[in-house]
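Heads up, the thing below is written out as structure tokens.
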Amino acid sequence: MGIEKIYNPLLIENKWLVKWEKEDFFKSEPNDETPYTILIPPPNVTGILHMGHMLNNSIQDILIRKARLSGYNACWVPGTDHASIATEAKVVNKLKEVGIKKHELSRDEFIQHAWDWTNKHGGIILNQLKRIGCSCDWSKTKFTLDPDMYESVQNMFIKLYHDGYLYRDKKIVNWDPEAKTTLSNEEVVYKEKTAKLFYLKYKLESSEEFLLVATTRPETIFGDTAVAVNPNDERYRKLIGKKLIVPLVNRAVPIVGDNSVDLEFGTGCLKVTPAHSEKDFEIGLRNNLDIIDVFNDDASLNGYGMHYKSLDRFSVRKKIINELDEKGLLDRSEDYSHNIALSERTSCVVEPKLSTQWFVKMKKLSKPALELVLNGDIQFYPKKYVKTYKNWLENIRDWNISRQLYWGHRIPVFYLKEDKSKYVVCLSESEAIKLFEEKYSIKDLVPAEIVQDEDVLDTWFSSWLWPISVFDGIRNPNNSEINYYYPTSDLVTGPDIIFFWVARMIISGNYLRQEIPFRNVYFTGLVRDKKGRKMSKQLGNSPDPEILIKKYGADGVRVGLLFCASAGNDLLFDETLCNQGKNFSNKIWNAFRLIEGLKIDDNQQSKSHNEFAIKWFNENLNKKVLSINESFKNFKISEALMILYKLFWDDFCSIYLEIIKPEFGKGVSKKLKHSTLAFLEKLLTLLHPFMPFISSEITDQIVSNKNFNIKKSNWPESIKFDSEIIENVNYSIEIVSKIRNFKKENSLSFKDVLKIYFENDLIDNQIGIVKKLTNCDLIKKQLKGKDSDTSFLVGKFGYVVDQMDKIFNEIDLDKLKEELNYNLGFKNILEKKLSNKNFVSNAPKEVIQKERKKLEDVKSKIKILEEGIKKQNN
RNA sequence: GGGCGCUUAGCUCAGUUGGUUCAGAGCACUUGGUUUACACCCAAGGGGUCGGGGGUUCGAAUCCCUCAGCGCCCACCA
């Protein structure tokens with residue numbers, strides 16, 4: 001036989017990668033068929049594949065391949081994201097290594113460097129996705145900074161502006177001093193940390209008395225423009241309106257009353273720094289306070305910082321405390337545990353900063369998005385995320401979308417250089433000049449007199465358009481692609497970006513097209529290591545997918561990952577599962593070897609129990625297909641895989657193939673071989689979404705014998721199955737197990753031939769199966785019951801072993817009695833229940849019916865058992 | 001502080017609207033087995049008071065209350 005004994009995934013997978021690419025196998029175009037669309041959550045353009053991607057994209061591939069086999073026009077659009085802040089940070093660091101600072105470069109020069117970086121490192125991840133078998137339509141690959149995508153984003157900005165959803169405002173925003181940009185609330189993460197709470201002495205003006213003010217941020221005293229107390233606070237009420245001297249700064253600031261001050265916290269006195277805290281800013285507004293910004297963009301102190309000018313905020317904190325202490329202005333300090341705000345991308349401490357930014361008004365815009373999920377137009381799997389989603393939308397806040405970065409979509413706003421309060425919103429300079437004339441009646445402007453907004457848009461401001469912009473549906477809302485593919489079918493993503501992305505896509509989809517962007521959202525869990533820790537570079541607990549693939553094959557890794565991916569839960573990844581996946585590949589391969597090697601012998605009489613096995617497996621397959629399809633419907637992907645795994649390994653290999661396998665050297669009937677190949681074909685089709693490589697390979701090898709290929713519309717559907725034959729075979733298998741068990745208990749060899757007597761009604765085919773799988777003869781005979789070690793029960797019937805020369809023809813009395821007692825007990829429970837008036841009157845009719853049926857069954861069982869025992873007594 | 005979720009076999013998890021054929025699966029484990037597709041294999045077997053307590057009900061892993069432990073999201077007070 002020319003087929004390798006051990007399956008070698010690497011060779012075969014590479015062969016199929018080349019073939020798929022060459023034949024453009026996954027290309028999709030609008031046609032008459034029903035579309036089934038998935039859009040990839042675009043990974044960072046310069047990113048590399050990690051286990052999270054692996055899981056996420058394997059699931060998408062399973063769904064899309066299943067849809068393709070089910071006859072849909074399946075389209076999976078791939079692409080990458082420019083990831084504004086993350087990529088810019090990488091480029092900045094890279095330039096730093098060669099001694100170039102960002103601010104030394106012009107905007108255009110920096111962007112050129114960023115493109116060089118993108119061209120060098122971009123697209124690696126897409127090739128890695130190909131390697132794991134992802135069947136994307138690669139001709140549709142998009143990048144969020146492609147010219148058409150760029151224009152779409154700017155068009156969206158303009159549309160929102162004209163519809164009144166955008167505004168420019170000076171507010172306290174989250175400032176990332178490392179990337180020197182603002183961040184949206186969603187880009188800030190909080191971490192608990194212990195800090196010091198310092199009690200500083202603020203002297204009353206023209207007095208030697210002082211108030212104690214508690215703060216964690218002594219370095220901001222240069223920006224203090226008031227001290228606030230609660231007007232209800234008896235301790236300080238009288239002092240409102242008087243003045244305090246800010247320590248070191250020696251500035252006199254008013255004591256103001258404000259209800260937002262917590263009496264319980266610290267001393268009840270709050271130093272107010274309107275430029276550096278949202279709350280202080282609001283107190284400032286209510287009390288008409290001055291605003292003094294004491295920081296540079298990198299969070300070092302500016303001129304207001306006096307002798308601390310140009311020093312970093314954290315070093316100033318240490319130094320200023322020393323100085324205050326020396327001068328007797330520090331009363332005490334204590335430990336204080338609080339949450340500090342960190343930038344999601346650069347991990348540096350976020351600085352609240354007063355700044356002018358563009359914001360999207362979210363309340364009205366997002367209103368329909370909640371309804372679309374609550375009413376089920378969009379389904380979340382698992383459902384629990386509906387509540388998370390609801391919670392966010394009901395408390396939605398405006399979205400800061402401007403970023404002080406170069407890498408991204410530049411904000412399409414042009415200002416008059418002389419007076420920046422005058423601006424117009426449009427795509428180009430020439431349009432802008434026209435608009436200035438229309439809006440402000442300013443004529444004959446030249447390009448040098450206007451300037452485009454320096455900022456770019458938040459990355460997510462392009463991501464939220466992804467489902468529409470990949471089909472160019474913003475610039476051309478009625479093109480054939482968007483009309484055909486949108487709304488898309490399923491979105492597969494992580495719950496960590498439910499607000500960043502999922503919610504916003506729903507909002508923008510409704511705004512632009514009054515339609516949902518996708519019907520189902522499948523949230524994958526986080527991939528953790530087997531100890532439950534997050535995978536991270538620092539821990540070194542994140543396996544490299546490429547190494548895993550080399551070891552286990554892409555099919556094996558996919559199966560391994562899926563085995564531990566129960567829907568909605570984080571998954572504790574264990575490499576041994578990949579080994580299980582690899583072993584499964586090998587099992588499939590060897591089943592193929594066995595079937596392929598079956599010789600057809602036309603003289604061979606077809607054995608009737610083989611015919612029976614064919615019928616049985618066919619019905620069993622129908623049954624399992626039904627549950628597999630049901631699992632798919634509910635996005636229980638790993639459950640579908642497990643059913644399939646057992647169907648193939650247990651039912652097909654361990655039972656069916658063992659039954660039909662001919663004795664050594666003999667052949668099989670033509671019909672048997674063909675039926676078996678047909679089963680293999682169906683099983684491979686079912687396996688294809690999970691294990692695309694091996695299923696394609698084996699299928700391809702069968703093509704030489706038979707016209708069969710894994711292609712569209714081959715997915716097995718089933719609506720019903722014959723449960724009688726399934727039960728019959730199950731019963732035979734139970735007899736087989738009992739016989740094997742008997743042999744083991746009596747230290748008999750697996751191959752020993754035994755005669756076994758029975759007296760119930762078995763059909764010949766059941767007997768044939770038992771004989772094939774155990775080597776034992778089943779002989780019908782009247783049995784007596786007697787205490788003996790050589791009998792066993794299967795269900796309610798006794799079986800007696802005639803062993804070697806010794807004849808035992810009695811059933812074990814104890815076993816019979818034990819069985820009888822169990823059933824008598826069960827009968828009692830049922831009778832008690834059925835004679836309970838409350839039960840009969842309260843329980844639903846079907847339940848009562850079911851219980852009555854159970855009672856009948858149990859009564860007939862008892863009758864049979866009693867007869868067996870009676871025979872023993874005679 | 002507000003919201004959500006979890007706790008079932010050694011591990012990872014199923015268990016639909018409460019109904020004793022519902023206490024399950026895979027892995028791991030124990031034992032026996034290799035000339036005849038596969039030891040990357042076959043076969044058999046052991047394992048759980050369904051987190052604790054209370055309640056509702058004819059009946060609770062499933063519903064309610066409570067306690068304990070774990071996790072997530074949101075907001076954030078100097």
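So that the names make sense, note that chain A is the first sequence line, chain B the second, and so on, each numbered from 1.
- For B:U34 and B:C40, the C1' atoms lie 15 Å apart once the distance is rounded to whole Å.
- Applying the side-chain contact (heavy atoms from CB on, under 4.5 Å) criterion to A:Y336, with sequence neighbours excluded, gives A:L197, A:T216, A:F265, A:H338.
- Between A:I698 atom CD1 and A:L683 atom CG the span is 10.5 Å, to the nearest 0.5 Å.
- In this structure, A:Y336 reaches the sugar-phosphate backbone alone: every heavy-atom distance under 4.0 Å involves primed, P, OP1 or OP2 atoms, never a base.
- OP1 or OP2 of B:C42 has at least one side-chain nitrogen or oxygen of A:W649 nearer than 4.0 Å.
- Counting any heavy atom pair closer than 4.0 Å across all strands shown, A:L270 reaches a base atom.
- Residue contacts for A:V213: at a heavy-atom cut-off of 4.0 Å it reaches no nucleic acid atom on any strand shown.
- The CD atom of A:E278 sits 11 Å away from the P atom of B:A75 (whole-angstrom rounding).
- The number of heavy atoms from other shown groups lying within 6.0 Å of CD (A:E394) is above 12.
- Here A:S654 reaches the OP1 or OP2 of B:A43: one of its side-chain N or O atoms lies under 4.0 Å away.
- For A:F652 and B:A37, the CZ to P distance is 15 Å, given to the nearest whole Å.
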Worksheet entry | Strand RNA chain B in bracket notation, Watson-Crick/G-U under 3.5 Å with | for pairs to another chain | (((((((..((((.....[....)))).(((((.......))))).....(((((..]....))))))))))))....
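- Among the protein residues, A:N569 comes within range of the sugar-phosphate backbone only, with heavy atoms under 4.0 Å from sugar or phosphate atoms but none that close to a base.
- Within 4.0 Å (heavy atoms only), A:K279 reaches at least one base atom of the nucleic acid.
- Contact check, A:R397 against B:A75: a side-chain N or O comes under 4.0 Å of OP1 or OP2.
- Under the 3.5 Å distance criterion, with hydrogens and angles disregarded, a donor-acceptor pair is assigned to the side chains of A:E187 and A:S184.
- Distances shown here put every side-chain N or O of A:K530 at or beyond 4.0 Å from the OP1 or OP2 atom of B:U12.
- Of all heavy-atom pairs spanning A:E658 and A:S654, the tightest one is CG-O, 3.1 Å.
- Within 4.0 Å (heavy atoms only), A:C653 reaches at least one base atom of the nucleic acid.
- Taking atom CD1 of residue A:I733 and atom C1' of nucleotide B:A44, one finds them 15 Å apart after rounding to whole Å.
- The CG atom of A:L598 sits 16 Å away from the P atom of B:U36 (whole-angstrom rounding).
- In this structure, CZ of A:F500 is placed 13 Å from C1' of B:C73, rounded to the nearest angstrom.
- Mapping A:T215 and A:I6 onto RNA chain B via the closest heavy atom, the residue that lands nearer the 5' end is A:I6.
- Evaluation of the side chain to side chain donor-acceptor pair (under 3.5 Å) test over residues 633-643 of chain A, restricted to residues two or more places apart or in two chains, returns A:S631-A:E639.
- Look at A:K387 and you'll find a side-chain N or O under 4.0 angstrom from OP1 or OP2 of B:G5.
- Rounded to an integer number of Å, the gap from A:E186 CD to B:C76 P is 11 Å.
- What separates CZ of A:R740 from P of B:G45 is a distance of 11 Å, to the nearest Å.
- Among the protein residues, A:E658 comes within range of the nucleic acid bases, having at least one heavy atom under 4.0 Å from a base atom.
- To the nearest whole angstrom, the two P atoms, one in B:G46 and one in B:G51, are 24 Å apart.
- Contact check, A:S737 against B:A44: a side-chain N or O comes under 4.0 Å of OP1 or OP2.
- Nucleotides B:G71 and B:U56 are separated by 30 Å at their C1' atoms, to the nearest Å.
- Evaluation of the ring-ring contact (aromatic ring centres under 6.0 Å, His included) rule for A:F281 yields no partner, not counting sequence neighbours.
- Nucleic acid contact for A:N741: sugar-phosphate only, since backbone atoms but no base atoms lie under 4.0 Å from a heavy atom of the residue.
- Judged by the 6.0 Å distance and 45° axis criteria, A:R397 is not positioned over the aromatic ring of A:W392.
- Distances were taken from every side-chain heavy atom of A:D262 (C-beta onward) to each of B:C77, B:C38, B:A14; the shortest belongs to B:C77.
- Atom CD of A:E334 has more than 12 neighbouring heavy atoms from other residues, nucleotides or ligands inside a 6.0 Å radius.
- Between A:Y190 and B:C76 there is a side-chain polar atom (N or O) within less than 4.0 angstrom of OP1 or OP2.
- To the nearest whole angstrom, the two C1' atoms, one in B:U57 and one in B:C64, are 12 Å apart.
- Distance noted for atom C1' between B:A44 and B:G5: 40 Å (whole Å).
- Within 6.0 Å of NZ on A:K171 lie more than 12 heavy atoms contributed by other residues, nucleotides or ligands.
- B:U7 and B:A61 are spaced 12 Å apart, taking the C1' atom of each and rounding to whole Å.
- Of the candidates A:R313, A:R317, A:K271, A:T220 forms a side chain to side chain contact (heavy atoms under 4.5 Å, CB included) with just one, namely A:K271.
- Within 4.0 Å (heavy atoms only), A:D280 reaches no atom of the nucleic acid at all.
- B:G47: glycosidic angle within 90° of 0, hence syn.
- Listed pair A:K582 / B:C40 fails the phosphate criterion, with no side-chain N or O lying under 4.0 Å from OP1 or OP2.
- With hydrogens and angles left out, the side chain of A:K587 and the base of B:C38 share a donor-acceptor pair within 3.5 Å.
- With sequence neighbours excluded, no residue forms a ring-ring contact (aromatic ring centres under 6.0 Å, His included) with A:F198.
- Side chain of A:N185, nearest nucleotide from B:A75, B:C77, B:A39: B:A75.
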Worksheet item: Can you give one letter per nucleotide of nucleotides 25-31 of chain B, going 5' to 3': B for a protein heavy atom under 4.0 Å from the base, S for sugar-phosphate only, - for none?
Response: SSS---B
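- Nearest-nucleotide positions on RNA chain B for A:T216 and A:K738 put A:K738 closer to the 5' end.
- An OP1 or OP2 oxygen of B:A75 is reached within less than 4.0 angstrom by no side-chain nitrogen or oxygen of A:N339.
- Geometric assessment of A:K738 against the ring of A:F742 yields a negative cation-pi assignment under the 6.0 Å and 45° thresholds.
- As rounded to the nearest Å, B:G48 and B:G33 have C1' atoms that lie 30 Å from one another.
- Rounded to the nearest Å, the gap between the C1' atom of B:G26 and that of B:G15 is 15 Å.
- The nearest whole Å value for the distance from the CZ atom in A:F648 to the C1' atom in B:A37 is 11 Å.
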